[in-house]
Amino acid sequence: MRLLLTTSKGIEDLASAEVSSLLDRIGVPFRVEEKPLGVEGRVLVEMGEAYYTDEKGRKRELSVATYLNERSRLLHRVIVEVASDRFEGISEDEPEKALRRIEDFVSDLPLERYVKTSESFAVRPFRKGEHRITSLDISKTVGKAIFDRLSRFGTPRVNLDHPAVIFRAELVGDAFFLGIDTTGDSSLHKRPWRVYNHPAHLKASIANALIELAKLEGGSFIDPFCGSGTIPIELALRGYGGRITCLEKYRKHLRGAEMNALAAGVHEGIDFILGDATRLSEYIDKVDFAVSNLPYGLKIGRKSMIPGLYSEFFSELAKVLEKRGVFITTEKRAIEKAIAKNGFETKHHRLIGHGGLMVHTYVIE
Ligand SMILES: C[S@@+](CC[C@H](N)C(=O)[O-])C[C@H]1O[C@@H](n2cnc3c(N)ncnc32)[C@H](O)[C@@H]1O
C-alpha cells in the first residue's frame with residue numbers, strides 16, 4: 001500500500017522522520033520518500049500490511065492510515081494512493097486535451113475496489129502551478145470518470161456534502177495524483193482544542209516542526225509572543241516534563257490561550273503571563289528554550305515598529321536564554337540584525353510555507 005501524506009512546505013524531512021518513528025513502533029516494513037514526483041509538502045510511504053494480535057491471540061489487520069491520523073502531529077492529511085503519474089506538458093495543453101488525459105487515466109483505474117455501490121462519494125480537487133484548467137474542471141472530470149467506471153458495477157451515488165468516500169485529485173505542475181482521503185474534510189492541523197481563534201495563529205503542524213527544531217532536552221520553555229497558545233499547548237500535549245510559560249501582551253489573546261489550553265486539557269501544565277516580551281527579564285530570570293512565532297508587520301498594524309521590537313526583544317532574550325531559541329517570521333532583515341547584534345549565532349535556517357508565504361525560521365544559540 002502507498003500513502004500520500006500532506007504537510008506544510010519546508011518540513012517534509014521532519015514529517016518523514018515522525019512517520020518513520022511511528023511506523024517503526026508497529027513493526028511494519030516501509031520506505032519513505034520526501035517530495036514524491038517533486039511535489040513540495042508531500043511525503044510518500046510505501047509499506048507492507050500491518051497486523052496486531054487481538055485478545056484471543058488472532059492476527060488482525062491494523063489500519064496504518066487510521067493510526068497515522070490519530071498519532072501524527074506534523075501531518076495534514078493521510079491519503080491512500082489509488083494511482084499517480086507525470087503528465088508531461090499538461091501545463092501547455094488546451095483545456096479539452098488536458099481534461100481528456102485526466103479522464104482517460106482515471107477511467108482505467110480499478111476504482112470499484114475503493115467504493116462499494118452502497119457508498120456515496122465526492123471528489124475534492126487540489127491544483128497548483130500554471131494550467132489552463134481550474135480545480136473545478138478537475139473535480140468535474142474526475143467525478144465523471146469515477147461515476148462512469150462505477151456504473152459498470154451498480155448505481156453510483158454522489159454526495160458532495162457528506163460523502164462516505166472522499167477521492168482527492170491533485171494536479172501539481174505535471175504531477176497527477178488520485179487517492180482516498182482518510183482524513184476527511186477537516187485537515188489534521190485544525191486541532192479540536194482551538195476554541196479561541198487568534199487572527200494570526202500558527203498551524204499546529206508548524207508549531208510541532210519548530211518544537212522538533214528546538215531539540216528540547218527537558219528544562220524550562222517559553223513562548224514570549226504566545227498569542228492563542230498554539231506552541232505551548234502542542235508542547236504540553238506531547239507530555240513535556242519541564243515548565244512551560246506562555247507570555248502575551250494582550251489580555252484578549254492570553255484569555256484565548258487559556259481557553260484553548262483548558263479545551264486541550266493542559267491548562268495546569270502551562271504558566272500564563274500577561275506581559276511585554278521587550279521586558280522579558282522582568283518576568284523570568286532564565287529559561288532553557290524559547291520558541292515563538294514573532295509578530296509580523298502586517299498583523300500588528302505598523303510595520304515600521306518591527307525592527308525596534310525585534311531589537312529590544314532579542315536584547316532581553318540575551319539576558320535570560322540558556323540553551324536554544326527557534327523563531328519564525330517573514331521579517332528576515334529585522335530578525336537577522338537583532339540576532340547578530342545581541343551575540344546569538346544562527347545554527348540553522350529554513351523556509352516554511354505558512355499562510356501562502358515562505359516564512360523564515362531560525363534556530364539560534
Ligand atoms: C504571530 S502572533 C502569535 C500567534 C501564536 N503563535 C498563535 O498560534 O496563536 C504574535 C503575538 O505577539 C503578540 N505581541 C505583540 N507584541 C508583543 C509584545 N511586545 N510582547 C508580547 N506579545 C506581543 C501579539 O498580540 C500576537 O498575539
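When a ligand or atom number is given, it counts from 1 through the structure's own listing order. It should be emphasised that the depicted structure is a prediction, and the values quoted were computed from it without experimental measurement. Throughout, residue positions are numbered sequentially from 1 according to the sequence presented.
- Ligand 1 is approached by D276 to a heavy-atom distance shorter than 4.0 Å.
- The aromatic rings of F327 and F314 sit perpendicular, their planes meeting at an angle over 60°, well past the 30° parallel limit.
- No hydrogens or angles considered: a donor-acceptor pair under 3.5 Å links the side chains of N69 and T182.
- When each atom of ligand 1 is checked for a heavy atom of H253 under 4.0 Å away, the hits are 25 (O), 27 (O).
- The distance from ligand 1 to the heavy atoms of A200 drops below 4.0 Å at these ligand atoms: 1 (C), 4 (C).
- Ranked by closest heavy atom to atom 5 (C) of ligand 1, the top entry among P224, C226, A204, C246 is C226.
- For ligand 1, the polar-atom distance check finds no N/O of L309 at less than 3.5 Å from any of the ligand's N/O atoms.
- Of the candidates N293, T230, I328, N197, N293 brings a heavy atom nearest to atom 4 (C) of ligand 1.
- There is no side-chain donor-acceptor pair under 3.5 Å between N260 and R191.
- Within the 4.0 Å heavy-atom shell around ligand 1 one does not find G256.
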Side-chain donor/acceptor pairs under 3.5 Å, residues 352-365, sequence neighbours excluded:
residue : atom : partner : partner atom : Å
H360    : ND1  : H349    : NE2          : 2.9
Y362    : OH   : E336    : OE2          : 2.7
E365    : OE2  : R324    : NE           : 2.9

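- Heavy atoms of H201 found under 4.0 angstrom from ligand 1 belong to the backbone as well as the side chain.
- Both the backbone and the side chain of F225 come within 4.0 Å of ligand 1, judged by heavy-atom distances.
- Heavy atoms of S292 come nearer than 4.0 angstrom to ligand 1 in no pair at all.
- Neither the backbone nor the side chain of A207 comes within 4.0 Å of ligand 1, counting heavy atoms alone.
- Between H198, K252, R251, K203, it is H198 that holds the heavy atom closest to atom 2 (S) of ligand 1.
- A cation-pi geometry, defined here as NZ or CZ lying under 6.0 Å from the six-membered ring centre and within 45° of its normal, holds between R42 and F126.
- Counting heavy atoms only, E248 comes closest to atom 25 (O) of ligand 1 of the residues E248, E234, K249.
- The environment of CZ in R333 is sparse: at most 12 heavy-atom neighbours from other residues, nucleotides or ligands sit within 6.0 Å.
- For the pair G275 and ligand 1, a heavy-atom separation below 4.0 Å is found.
- R86 CZ: more than 12 foreign heavy atoms inside a 6.0 Å radius.
- Residue-to-ligand polar distances keep Y250 apart from ligand 1: every N/O pair is separated by 3.5 Å or more.
- Under 3.5 Å, the side chains of T141 and E103 contain no donor-acceptor pair of N or O atoms.
- The two residues G48 and V28 make their nearest non-hydrogen contact at O-CG2, 3.4 Å.
- For the residue pair T117/R157, the side-chain donor-acceptor check at 3.5 Å is not satisfied.
- Near S228, meaning under 4.0 Å from one of its heavy atoms, ligand 1 places the atoms 7 (C), 8 (O), 9 (O).
- Proximity to A277 (heavy-atom distance under 4.0 Å) selects the following atoms of ligand 1: 18 (C), 19 (N), 20 (N), 21 (C).
- Between R149 and E112 there is a salt bridge, since at least one side-chain N of the basic residue sits less than 4.0 Å from a carboxylate O of the acidic one.
- For ligand 1, the atoms lying closer than 4.0 Å to a non-hydrogen atom of L294 are 1 (C).
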